Amino acid sequence: MARHLITSALPYINGIKHLGNMVGSMLPADVYSRYLRQRGHEVLYICATDEHGTPAELAAKEQGIPVAEFCAQAHDAQKAVYDGFALAFDYFGRSSSQQNVEITQHFARRLNENGFIEERAIRQVYSPTDGRFLPDRYVEGTCPHCGYDKARGDQCENCTRVLDPTDLINPRSAISGSTDLEVRETKHLFLLQSKLQHEVEAWVAAHEDDWPQLASSIARKWLNEGLHDRAITRDLDWGVPVPADTWPELAAEGKVFYVWFDAPIEYIGATKEWADLDPENRDWKSWWYDVDTDVRYTEFMAKDNVPFHTVMFPATELGVREPWKKVDYVKAFNWLTYYGGKFSTSQKRGVFTDQALDILPADYWRYFLIANAPESDDSSFTWEHFTATVNKDLADTLGNFVNRVLSFSKKRFGEEVPAGGEPGAAEAKLGEEIARLLAEYEQQMEALQFRKAAAALRALWSAGNSYLEEKAPWLEIKTDKDGAALTLRTAMNLIHLYAVVSEPFIPATSAAMRQAFALPSDTATWISADEARTLTALTPGIPFTVPPVLFAKLTDEDLENYKERFGGDSV
């Protein structure tokens with residue numbers, strides 16, 4: 001089986017993330033990782049908190065604690081939420097780790113040796129009011145390209161154009177709001193991306209046809225506009241230090257690397273963090289160094305992160321002139337909106353992941369978000385849509401099927417899987433339908449088409465209900481007890497199949513369905529086509545229990561309460 005390296009865009013350390021962040025990177029990466037593991041592949045799913053940059057410094061200052069302490073606390077808080085969502089990272093690291101410091105500095109030295117880093121004196125925005133140079137994302141103003149009035153000095157989140165602070169119209173300090181800004185001279189290191197343009201173009205051209213159109217179009221847009229040399233250091237107290245053995249003057253001034261230079265390198269750093277926990281059995285370089293033919297690397301991210309992962313980080317990897325693994329497939333997502341407006345961490349608009357878990361268990365959210373993933377275009381979260389999806393798909397189609405099959409069988413045949421007669425035409429027809437739908441589900445998962453995969457999974461659940469309605473064991477038992485027992489045994493085998501193949505989407509519910517049956521040894525990691533056709537994993541006599549309600553239906557009162565708490569109008 002193949003080896004799969006999977007990363008999701010690093011969540012920034014400052015604050016708990018909203019549902020848009022969850023569905024735009026970490027959750028689909030988890031679903032895909034779980035699926036691949038079940039199919040027998042070797043998988044390494046790596047993520048980390050992105051801890052450097054001005055926002056972390058400012059948040060720590062606001063709380064009156066050292067920035068390192070703030071980041072440690074925030075990392076633990078985020079990790080607790082991701083654990084609550086059952087994200088099965090192989091390792092969830094920290095970009096402030098010593099491993100990332102060492103690897104980032106190594107990359108910088110190698111780029112310098114190869115002529116791709118240059119020290120330049122530049123004029124940078126300085127705020128007398130704040131008494132500091134302002135890193136680019138802490139200068140705000142109007143985007144000169146699209147007119148968005150809250151563009152940051154590094155990028156406009158509205159049109160995704162990369163910017164410099166001096167590009168902004170009517171710039172202001174994001175710290176104090178002061179427009180009393182000066183431009184002063186300071187020295188920084190620049191990554192000479194312009195010298196790597198042709199190499200990056202050739203690399204993108206070799207991969208873009210395989211990527212989703214969203215990812216390839218953004219990468220191509222950047223390349224068509226031409227790669228510009230980019231400052232990769234900042235005047236900050238918190239970050240990966242510029243190494244004194246290579247740039248003593250800048251190191252003495254306390255320069256650190258730009259967060260977007262070291263953050264992608266943390267994918268490698270976090271892998272080394274993982275390996276260093278068990279160095280005798282884990283080899284981080286086997287995933288990252290000189291392994292192009294052995295490892296398939298898939299990245300998950302929202303569209304605003306695409307330029308950095310398809311152009312800037314590959315340029316960095318190419319420039320070091322070492323055989324570091326580069327991404328094979330970039331799974332990019334559009335925005336999940338909240339009633340037509342953007343989720344916003346800074347403006348606290350929308351549902352945040354910790355709030356979501358306070359309301360309902362993770363599987364409700366996991367299923368809804370993946371079934372409505374913003375793949376081909378933006379998708380909108382509304383409480384009406386969420387409630388309808390939970391009630392129809394989870395409570396009625398899956399939950400009610402499980403409950404009525406097991407409850408009715410317990411009532412009429414006791415607490416063991418009944419025997420019944422031999423399968424007939426209805427069972428053969430069902431088996432073929434299940435095998436067909438399972439193949440469709442597998443195909444969509446392999447293609448990383450999550451909405452289509454969710455639709456195939458939902459169709460699998462619906463097939464069980466159609467079979468149950470066709471056979472109607474509550475009527476069948478009146479004239480053909482063996483026939484009713486066969487129907488229920490077949491339906492129970494469907495429940496076991498659902499438990500196995502639904503695990504990437506709803507792991508806790510899948511575990512509950514498996515645990516309903518006291519199998520001597522339930523080692524199934526997937527269901528083959530032949531197993532799907534025969535539905536014989538559960539033999540007569542196996543004890544079972546009726547689990548608690550898998551999914552509670554949401555009421556009109558619930559809907560109104562959610563809308564009152566979080567808002568439910570167009571933004």
Side-chain angles (χ1 to χ4, degrees), residues 4 6-11 16-39 41 43-49 75-93 270 274 298 300-301 331 333 336 351-373 381 386 389-390 393-395 398-399 402 441 445 448 450-451 453-454 457-458 461 495-496 498-516 522 524-526 547-552:
H4 287 267
I6 296 173
T7 63
S8 50
L10 309 187
I16 298 298
K17 305 306 153 191
H18 53 66
L19 295 182
N21 295 124
M22 178 63 69
V23 73
S25 59
M26 290 175 285
L27 180 56
D30 177 73
V31 170
Y32 186 55
S33 298
R34 286 175 176 274
Y35 171 77
L36 291 175
R37 291 189 191 104
Q38 286 187 265
R39 300 307 305 273
H41 298 285
V43 177
L44 185 65
Y45 176 23
I46 294 292
C47 193
T49 38
H75 170 86
D76 290 346
Q78 286 198 27
K79 181 60 164 59
V81 172
Y82 305 145
D83 288 345
F85 267 87
L87 301 185
F89 304 114
D90 287 284
Y91 189 74
F92 186 70
W274 164 79
T298 306
F300 289 79
M301 69 200 67
K331 178 61 177 179
F333 291 86
L336 176 70
V351 186
F352 289 74
T353 49
D354 57 344
Q355 298 168 329
L357 294 177
D358 284 342
I359 296 169
L360 291 166
D363 280 0
Y364 289 72
W365 302 103
R366 288 178 62 102
Y367 176 80
F368 174 83
L369 291 171
I370 294 296
N372 297 280
F381 178 93
F386 177 74
T389 301
V390 167
D393 294 358
L394 297 178
L398 178 61
V402 172
Y441 179 49
M445 289 293 283
L448 286 86
F450 291 101
R451 293 178 74 152
L457 181 60
R458 183 167 56 244
W461 299 343
I495 293 172
H496 182 263
Y498 296 160
V500 174
V501 304
S502 303
E503 192 266 347
F505 281 70
I506 47 174
T509 305
S510 292
M513 287 191 284
R514 277 204 187 212
Q515 291 162 8
D522 188 3
T525 58
W526 200 248
V549 173
L550 297 180
F551 295 99

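Computed from heavy atoms alone, side chains included, the values below leave out hydrogens, waters and symmetry copies. Model, not experiment: these values are computed from the prediction.
- Note that CE of M22 and CD1 of I16 are 9.5 Å apart. Values are rounded to the nearest 0.5 Å.
- In this structure, the separation between CG on D363 and CZ on F85 is 10.5 Å, given to the nearest 0.5 Å.
- The aromatic ring centroids of W461 and Y367 lie less than 6.0 Å from each other.
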Dump the intermediate steps for ring-ring contact (aromatic ring centres under 6.0 Å, His included) on Y32 and Y45, then the final yes or no.
CA-CA 10 Å; Y32 186 55; Y45 176 23; 9.9 Å; no

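- Side chains of Y498 and L457 form no contact here, defined as non-hydrogen atoms less than 4.5 Å apart.
- Aromatic pair H41/Y35: ring centres not closer than 6.0 Å.
- For the pair D393/L398, no side-chain contact is recorded, criterion being any heavy-atom separation below 4.5 Å from C-beta on.
- No side-chain donor-acceptor contact under 3.5 Å links S25 to the backbone of M301.
- Side chains of V81 and Q78 form no contact here, defined as non-hydrogen atoms less than 4.5 Å apart.
- With a 4.5 Å cut-off on side-chain heavy atoms, V43 and R34 do not count as touching.
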Please lay out, stage by stage, how L550 and M513 fare under the test side-chain contact (heavy atoms from CB on, under 4.5 Å).
CA-CA 9 Å; L550 297 180; M513 287 191 284; 4.0 Å; yes

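- L19 and A356 get closest at one heavy-atom pair: CD2-CB, 4.0 Å.
- Minimum interatomic distance between I46 and A270 (heavy atoms only, all atoms of both residues): CG2-CB, 3.6 Å.
- Of the inter-residue distances, the one linking N21 atom CG with L27 atom CG reads 12.0 Å to the nearest 0.5 angstrom.
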Should D522 and Q515 be marked as a side-chain contact (heavy atoms from CB on, under 4.5 Å) after you check the CA-CA gap, both sets of side-chain angles, and the distance that decides it?
CA-CA 9 Å; D522 188 3; Q515 291 162 8; over 6 Å; no

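- A distance of 11.5 Å separates CG in L369 from CZ in F505, rounded to the nearest 0.5 Å.
- The shortest distance between side-chain heavy atoms of Q38 and P504 falls below 4.5 Å.
- Formation of a donor-acceptor pair under 3.5 Å by the D30 side chain with backbone atoms of M26 is not found in this model.
- Closest heavy-atom contact between V402 and P547: CG1-CG, 4.3 Å.
- Side-chain contact check for P28 versus K331: every heavy-atom pair is 4.5 Å or farther apart.
- Side chain of R366 to main chain of I506: no donor-acceptor pair is present (N/O by atom type, distance under 3.5 Å, no hydrogens or angles).
- F300 and F333 have parallel rings, their planes meeting at less than 30° on a 0 to 90° scale where 60° marks the start of perpendicular.
- Under a 3.5 Å cut-off, the side chain of R37 and the backbone N or O of T525 do not form any donor-acceptor pair.
- Separation of atoms CD1 (I6) and CG (D90) is listed at 9.0 Å; rounding is to 0.5 Å.
- At least one side-chain heavy atom of V500 sits under 4.5 Å from a side-chain heavy atom of R514.
- Atom CD1 of I495 and atom OG of S502 lie 11.5 Å apart (nearest 0.5 Å).
- You'll find the side chain of C47 stays beyond 4.5 Å of the side chain of Y82, heavy atoms only.
- A centroid separation of 6.0 Å or more is found between the aromatic rings of Y364 and F386.
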